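Following: one structure in structure tokens, then a few remarks.
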Amino acid sequence: MPTKFIKLGFEDNVLCEQSFRNIILNRVPVGFQLGINLNYYRGLHVSCIEKLEVKVDGEKIPEHLICFCINGKKFTLSQLKDLYAEFWGIKNTARLEIYNSGLSAGEHDVELTLELRSPYMRFAPRIYGAIDGSARKRMTLVG
């Protein structure tokens, strides 16, 4: 049975531990940030993101609390499908800002579901190969 996704290696490189920290405003945590990388062999337009979900300690973060930051710009997840001009290069780390009042210090189980459409693998009109860029990692919140 054929698979829907191409699942590439390098899953350990997807979630960036050094960027996992709370976002502080006036000495109060308002959320946390997390850097993410592509584990694909070439860059993609941001509009190729089909699904992006984050779970921390088994709890799914609501979409409206997540901002996707790339190339010095911030976007809501609902805007991603229209970002044909924004390119996510393989050497560029995107940042997720999640405004959920922050996380407690210590270790957390972080799970990213990242499903991408590959415009380089077109099989028929509007039918493309799919890439599973998902990752899961036990991470320690910095500072």
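Every value quoted in this text rests on a predicted model; they were computed, and no experiment measured them.
- Checked against the 6.0 Å centroid threshold, F68 and W88 count as a close aromatic pair.
- Here the CG atom belonging to N13 is positioned 11.5 Å from the CD1 atom belonging to I90, to the nearest 0.5 angstrom.
- To the nearest 0.5 Å, the span separating CG on D12 from CZ on R136 amounts to 14.0 Å.
- Cluster annotation: L25 and I66 are assigned to distinct hydrophobic clusters (Ile/Leu/Val/Met/Phe/Trp/Tyr, side-chain heavy-atom contacts under 4.5 Å, transitive).
- Taking 4.5 Å as the limit, some side-chain heavy atom of L52 sits within range of a side-chain heavy atom of L112.
- No continuous path of ILVMFWY side-chain contacts below 4.5 Å connects I23 to V110, so the two sit in separate hydrophobic clusters.
- With I49 as the fixed residue, the side-chain contact (heavy atoms from CB on, under 4.5 Å) test singles out one of L116, L83, L77, L44: L116.
- Counting non-hydrogen atoms of other residues, nucleotides and ligands closer than 6.0 Å to CD of E50 gives a total above 12.
- In this structure a side-chain-to-backbone donor-acceptor pair under 3.5 Å is missing from N26 to V28.
- Separating the CG atom in D109 from the NZ atom in K137 is a distance of 12.0 Å, to the nearest 0.5 Å.
- Looking only at distances, no side-chain donor or acceptor of N22 sits under 3.5 Å from a matching main-chain atom of I24.
- Scanning both residues, P125 and R122, for their nearest heavy atoms gives CA-NH2, 3.3 Å.
- P29 has its side chain out of reach of S101: every pair of non-hydrogen atoms, C-beta onward, lies at least 4.5 Å apart.
- Cluster annotation: I70 and Y99 are assigned to distinct hydrophobic clusters (Ile/Leu/Val/Met/Phe/Trp/Tyr, side-chain heavy-atom contacts under 4.5 Å, transitive).
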Worked verdict on F32 versus N100 for side-chain contact (heavy atoms from CB on, under 4.5 Å):
CA-CA 7 Å; F32 70 94; N100 69 338; 3.5 Å; yes
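- Residue-environment remark: CZ (R126) stays at or below the threshold of 12 foreign heavy atoms within 6.0 Å.
- Residues S19 and T93 fail the side-chain proximity criterion, which asks for heavy atoms closer than 4.5 Å.
- Inter-residue side-chain proximity for L141 and S104 is flagged as unmet; no heavy-atom pair is nearer than 4.5 Å.
- Separation of atoms CD (Q79) and OG (S47) is listed at 13.0 Å; rounding is to 0.5 Å.
- Ring centroid separation for the pair H45 and F87 comes in under the 6.0 Å cut-off.
- Of the inter-residue distances, the one linking I131 atom CD1 with L114 atom CG reads 9.0 Å to the nearest 0.5 angstrom.
- By the 4.5 Å heavy-atom criterion applied to side chains, F20 and L15 are not counted as neighbours.
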So K55 and E53, salt bridge (charged side-chain N to carboxylate O under 4.0 Å, His left out) or not? Walk me through it.
CA-CA 7 Å; K55 288 183 184 176; E53 292 179 352; 5.9 Å; no
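- In this structure, V30 is not a member of the same hydrophobic cluster as L103, with clusters built from ILVMFWY side-chain heavy atoms closer than 4.5 Å.
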For the pair L34 and R95, evaluate side-chain contact (heavy atoms from CB on, under 4.5 Å) and give the outcome as yes or no after the intermediate values.
CA-CA 6 Å; L34 175 64; R95 187 178 73 250; over 6 Å; no
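- Atom SG in C69 sits 7.5 Å away from atom CG in L96 (nearest 0.5 Å).
- Y84 and Y40 are members of different hydrophobic clusters when ILVMFWY side chains are connected at heavy-atom separations under 4.5 Å.
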